[in-house]
Amino acid sequence: DDKLNDLKEQGFARIAIANEPPYTAVGADGKVSGAAPDVARVIFQRLGVKEVVASISEYGAMIPGLQAGRHDAITAGLFMKPERCNAVAYSEPILCDAEAFAVKKGNPLKLTSYKDIADNTNAKIGAPGGGTEEKLALQAGVPRDRVIVVPDGQSGVKMLQDGRIDVYSLPVLSIHDLMDKAKDPNLEVVAPVVGAPVYCDGAAFRKQDVALRDAFDVELKKLKESGEFAKLIEPYGFSAKAAMSTTRDKQCTAAQ
Amino acid sequence: MASPIIRIDNIVKRYGPLTVLDGLSIKVMPGEKLALIGPSGSGKTTILRILMTLETISGGHIEVDGEQLYHMRKGADLISADERHLHRMRKKIGMVFQHFNLFPHKCVLDNITLAPMLTQGAGRADAEKRAMELLDMVGMADKAKAVPAQLSGGQKQRVAIARALALSPKIMLFDEVTSALDPELVEEVLNVMRRLAAETDMTMLLVTHEMGFAHDFADRVLFFDRGKIVEEGRPEEIFRNPKQERTQGFLRKIIAAGHRV
Amino acid sequence: MASPIIRIDNIVKRYGPLTVLDGLSIKVMPGEKLALIGPSGSGKTTILRILMTLETISGGHIEVDGEQLYHMRKGADLISADERHLHRMRKKIGMVFQHFNLFPHKCVLDNITLAPMLTQGAGRADAEKRAMELLDMVGMADKAKAVPAQLSGGQKQRVAIARALALSPKIMLFDEVTSALDPELVEEVLNVMRRLAAETDMTMLLVTHEMGFAHDFADRVLFFDRGKIVEEGRPEEIFRNPKQERTQGFLRKIIAAGHRV
Amino acid sequence: MEWDWDFVWQIMPTLLEGFKITILATILGALVAAVIGLALAIARRSPIAAVSRTVGFVSEFIRGTPLLVQLYFIFYVLPDIGIRLSPLVAGVIGIGVHYATYTAEVYRAGIENVPRGQWEAANATNLTTRQAWIHVILPQAIPPMIPALANYFIAMFKETPLLSAITVLELMNQAKSIANSNYRYIEPMTLVGVFFLAVSLLSVVGLRWLEERYARMDD
Amino acid sequence: MSVWSGYLTLILEGALVTLKLTVMGSALALVMAFLAGLGRLSRFFAVRALATTYIEFFRGTSIFVQLFWVYFVLPFAGITLTPLQAGVLALGLNVGAYGAEVVRGAVKAVGRQQTEACVALNLSRYQRMRHVILPQALPLMLPTFCNNAIELLKGTAVVSLISLTDLTFQAQVVRAQTGNTLIPFTTILFLYFVMAWAISTAMRWLERRMTRGLDGVRT
Ligand SMILES: Nc1ncnc2c1ncn2[C@@H]1O[C@H](COP(=O)(O)OP(=O)(O)OP(=O)(O)O)[C@@H](O)[C@H]1O
Ligand SMILES: Nc1ncnc2c1ncn2[C@@H]1O[C@H](COP(=O)(O)OP(=O)(O)OP(=O)(O)O)[C@@H](O)[C@H]1O
Ligand SMILES: [Mg+2]
Ligand SMILES: [Mg+2]
């Protein structure tokens, strides 16, 4: 596998991460941490690539960036979906999470599923552009003009507070992290969203780089088996068991 | 003896540290035709602009047609004129500029009728009738519908004269009305002005570098230098027999440059 | 008899549909001083600009100093001149413009030395020495370090003349060199040109509206009208005794406007 | 990645939706810029120093900082003081006020470019100041401004993609959304480029026409 | 407090990236402006056509589309640039196209008369440009170049869209990590304004130097 050799030689791998705690965190010192980069860093080290260079990217720009060779891998909580599995080569699952809603205190519109939003003609949902939540909402029949593309989590919370949207949807852990930071007694979390599956992300590689992906998988498997995996991700709130109880093939073929 | 229509009394005009007019006094009798000559920068344009209230004055008084120009009476005091007073005084005075200053967005006829209609409340029909008479007089009746850009310099200047006349001022000021024109076009404008001088009893003040024309046109010639009148008199005296050395030097140069006196 | 230094042969110049010069032919002998006069738009400027290669021609031939100006020989054929040929021909000709066209970002001295240093490979010391001689001749030696913005119009024009002379052309072209000047400043420029005409054997072509000066300056006067030469002859004949009606009319107007002949 | 014409036709209606919003935002923004710009130009001529200085500083500030950040401010910070604008309104105000600081300069230059002689002729024919403005100055000042104003409106058009940052579904945002959900980028982004280029080329032609139509009339 | 000082450092790092982009982008823009601006005045049709195409293309399409192409599409042609290179390239080419028109305008404003004087003095085309036209055109260009540089500074905010960690991008990161909107955005507005102010101060100084002793040149 040429690609891995290349990476070893240059001494680092470029990974795309999202600006979304707890998948990713950027400390006040500028140091990148978070569940996804931490796992990637360890595995790449074991593969002989000393360092990972992380660049924060919009969700929408990750896959084109990967395809354009701007990143060697995406480790950003980019959940596996059949279309995405066609576009990139995923590793085995790493971080799993269900979907959640952030809503106003008391959930005034009584929204617990994407279907509820579709049925209530006044409800507007905010979601990251190109993310799973946007897709789920559209698939549930929410019309395009009630699915607001929100640039980032902080903007989503702000828009919810300002009443521009009625629901802001992200994975459970992301929503909790945002809520912790917002400390707003007027908001609450609905989790998990009824009828929405649990999704898992994996490290995403270019289609040509299957060999690299396979090498990654070998180390990932060892990590999971040794129990170090759980130590890495559980402090961030993720469940190691969830990741280990499913496979890429299941996630990629899951009927939607 | 009649009283002067213009009485300029000890006028001072300064631009910052530069004193352009320094205690100048002139009296002009009704109907008199005055030519102002002198070297560049001597203040000829400035005095016309002051009479037209395009400048302010730094000191002195001006009486036009029996009333103060820059001042007005308030009870026993003389205070600075306000816009209304100036507006009323400007009715008595018209001016023609070196660069015509026609309104480029209006046709010849509208250039002439604009002010009578706006400031004298003239109806369109009356204003146009009078405008056509004036255009006829300056030989421009056939160009009534042209816009200024379509006219030659001489034609523009004849329209500008008609425009100033349309307000029937008592006093007309002309500032080098031919010096922006091609030599061949000068004559047509001077002809109009000769007729004007001969046929009306308007008071006229003329700044010019055309000595020959000044000679024919004026009742009295004032020679300016550095903001003062150095010499004045009938044209014959000034041109044929100047007394002051400065006047002699100026005329010698002008004549050497090919201008006839 | 010597052969002509300029041989203009059946020149045609068109701007789009407008024919400005229509089969014009002129011969100029070495050292001759020619004055070109005529009404506005008659093509006087155009012919000078063509000689200076500032225009192209629509037809005809011009020979300067024994060589074709706009054409060059290639084997047996005469083809259009290229930039190199024009560059060589321009060495023979200098021109002074109505609006001086000095380089405003350079001082008087640098205005004059620029071209000799760049085009003739003159050293700075030599170029400045010659420039100072020329400035002395036009009476501007004391302004060598001034920039054009600090000069009066007459002074600018004298510098422009010195600048053209610095390249020692065989032929000098002057286009209304005094018409942008205040009347008082005209004389200083004309004096310089009179000296020039008297002291050198350069060939000179002069466009002017100063009939008096044309009279004193020229060996021969050409009267232009609508792109053709209507009348030509010695100054005495043309000015005192014009044969053509158009010439008579033109001169009458000019004189009436106050210009001496 | 290869170019796929079927995909192009499939996404065209959605892009046209976005295009409509882009045009709407541009037109409304242009109106705001035209009106506020005139107000700024007049305020900057104010004889009261406090007014003209303050307006001058605020204009400089708006002109020296990025529209993107201003939009974030209007959309995400203003609600904290009780001003909640819809995305389109916030966008139109943001872009309009930003460009008003440019059009103000155009107005100023246009007014100053009317030769002094025109004021003097108006005075000499005894028109009042108001009459001079209405009948002499403005009729001459405005036509030459039109091309410069139009130029800024075209620039505004090209900046509308910024509105996607505040969730306005204009052309760029629609294209991104299509790209994200289909994992095909080249077609939508190229089409956006084509839309912009087409409008710009058309407006260049329009501008030339305006410039000819309103070329300065000379006395 | 200590947390904020850490995040402030992050924002200042962003300011450094913005500064680099502005300086390097301006340098590229300057080169392109002269190449294309003089190219449009060339007597060779091919050069004119090339320059015109460049100018109309980069002025016609939006900077967003250009960035996208440089960053995401060029790699398919085998050219992979770092984000900084991509940002500099897109911004430099974009602003250079506007600058080209400034160069052309200034050269033409110096005027036919100066060119004719040069012909009469038999200077070559190169000598005319070098010694007569450009020295006079340069001071005319400076004020507009100053505006262009500020436009470029503001344009750097949009490169955050291609993941370049500039000022605006860092503000977004800080906002996501701290949940505070007002502080990071106010800080960067201030920083942008300081940089814009620095640019115009520097340009005014340069302009004064270049026009020293040349009063009345432009009349
Ligand atoms: N707005 C102004 N600011 C400063 N100085 C001025 C202004 N207008 C005129 N001057 C100065 O006032 C003096 C007189 O100028 P004025 O125009 O009256 O002269 P002039 O006799 O008309 O000359 P010319 O024959 O050249 O027209 C000159 O020195 C001129 O420079
Ligand atoms: N670039 C041009 N394009 C079109 N027509 C032109 C151009 N230059 C000159 N002309 C026309 O050519 C004719 C001759 O012009 P020219 O400047 O040679 O006249 P002139 O005899 O020098 O006049 P003047 O005494 O006014 O200087 C005029 O009708 C003029 O309008
Ligand atoms: Mg004067
Ligand atoms: Mg001429």
Side-chain angles (χ1 to χ4, degrees), chain C residues 45 48-55 82-84 86-107 110-120 145-151 156 159-169 171-175 180, chain E residues 34 38-39 41-48 102-103 105-145 203 205-219:
Chain C
T45 294
L48 292 200
R49 290 173 56 82
I50 286 176
L51 283 171
M52 192 65 254
T53 70
L54 295 172
E55 303 284 342
D82 60 10
E83 189 63 28
R84 269 192 50 220
L86 288 178
H87 190 260
R88 210 161 46 76
M89 293 303 290
R90 281 188 202 124
K91 284 192 188 156
K92 307 173 192 279
I93 310 169
M95 179 162 179
V96 182
F97 299 87
Q98 180 176 9
H99 290 109
F100 337 127
N101 298 358
L102 293 182
F103 304 137
H105 59 301
K106 295 197 177 288
C107 72
D110 291 348
N111 258 282
I112 300 177
T113 57
L114 183 72
M117 286 170 61
L118 289 177
T119 67
Q120 304 182 330
K145 285 291 162 196
V147 291
Q150 296 163 339
L151 305 181
K156 282 183 203 168
V159 173
I161 293 172
R163 182 174 71 171
L165 291 174
L167 290 167
S168 313
I171 301 164
M172 282 279 282
L173 312 174
F174 299 92
D175 189 13
Chain E
F34 274 93
L38 297 180
L41 296 166
S42 162
R43 69 202 140 123
F44 301 110
F45 175 78
V47 177
R48 280 202 311 274
V102 178
V103 171
V107 166
K108 285 187 72 180
V110 170
R112 226 180 56 161
Q113 295 194 336
Q114 289 286 313
T115 308
E116 294 187 346
C118 292
V119 173
L121 292 174
N122 210 7
L123 301 186
S124 71
R125 278 169 196 280
Y126 169 77
Q127 288 168 337
R128 275 177 233 167
M129 251 324 156
R130 161 76 182 72
H131 294 280
V132 177
I133 307 296
L134 284 184
Q136 293 178 64
L138 233 39
L140 299 184
M141 297 175 200
L142 272 185
T144 322
F145 275 167
M203 286 288 192
W205 176 81
L206 204 61
E207 203 185 334
R208 262 202 311 278
R209 273 203 57 146
M210 286 183 75
T211 53
R212 193 176 290 166
L214 270 188
D215 315 324
V217 165
R218 262 172 271 173
T219 55

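By convention in this document, chain letters (A, B, ...) are assigned in the order of the sequence lines, proteins followed by strands, and residues within each chain are numbered from 1. These numbers were taken from a predicted model, which means no experiment stands behind them.
- When side chains are defined from C-beta on, Pro104(C) counts as touching Gln114(E), because their heavy atoms get closer than 4.5 Å.
- In this structure, chain C has a heavy atom under 4.5 Å from the side chain of Arg128(E), while its backbone stays farther away.
- Taken to the nearest 0.5 Å, the CG atom of Leu121(E) stands 14.0 Å off from the NZ atom of Lys91(C).
- Residue contact with chain E, scored on non-hydrogen atoms closer than 4.5 Å, involves the backbone and the side chain of Leu118(C) alike.
- Phe97(C) touches chain E through its side chain: at least one heavy atom from C-beta onward sits under 4.5 Å away, while N, CA, C and O do not.
- Judged by distance alone, with hydrogens and angles left aside, the side-chain atoms of His131(E) form no donor-acceptor pair with the main-chain N or O of Ala115(C) at under 3.5 Å.
- With a 4.5 Å cut-off on side-chain heavy atoms, Leu114(C) and Leu123(E) count as touching.
- There is no contact between Leu173(C) and chain E, counting heavy-atom distances below 4.5 Å.
- Within the 4.5 angstrom heavy-atom criterion, only side-chain atoms of Arg49(C), from C-beta onward, approach chain E.
- Within the 3.5 Å criterion, the main-chain N or O of His99(C) finds no donor-acceptor partner in the side chain of Gln113(E).
- Separation of atoms CE (Met52(C)) and CG (Asn122(E)) is listed at 6.5 Å; rounding is to 0.5 Å.
- Atom CD of Glu83(C) and atom CZ of Arg43(E) lie 6.0 Å apart (nearest 0.5 Å).
- Looking at heavy atoms from C-beta onward, Glu116(E) lies out of side-chain contact with Met95(C) at the 4.5 angstrom threshold.
- Residues Thr119(C) and Gln127(E) meet the side-chain proximity criterion, which asks for heavy atoms closer than 4.5 Å.
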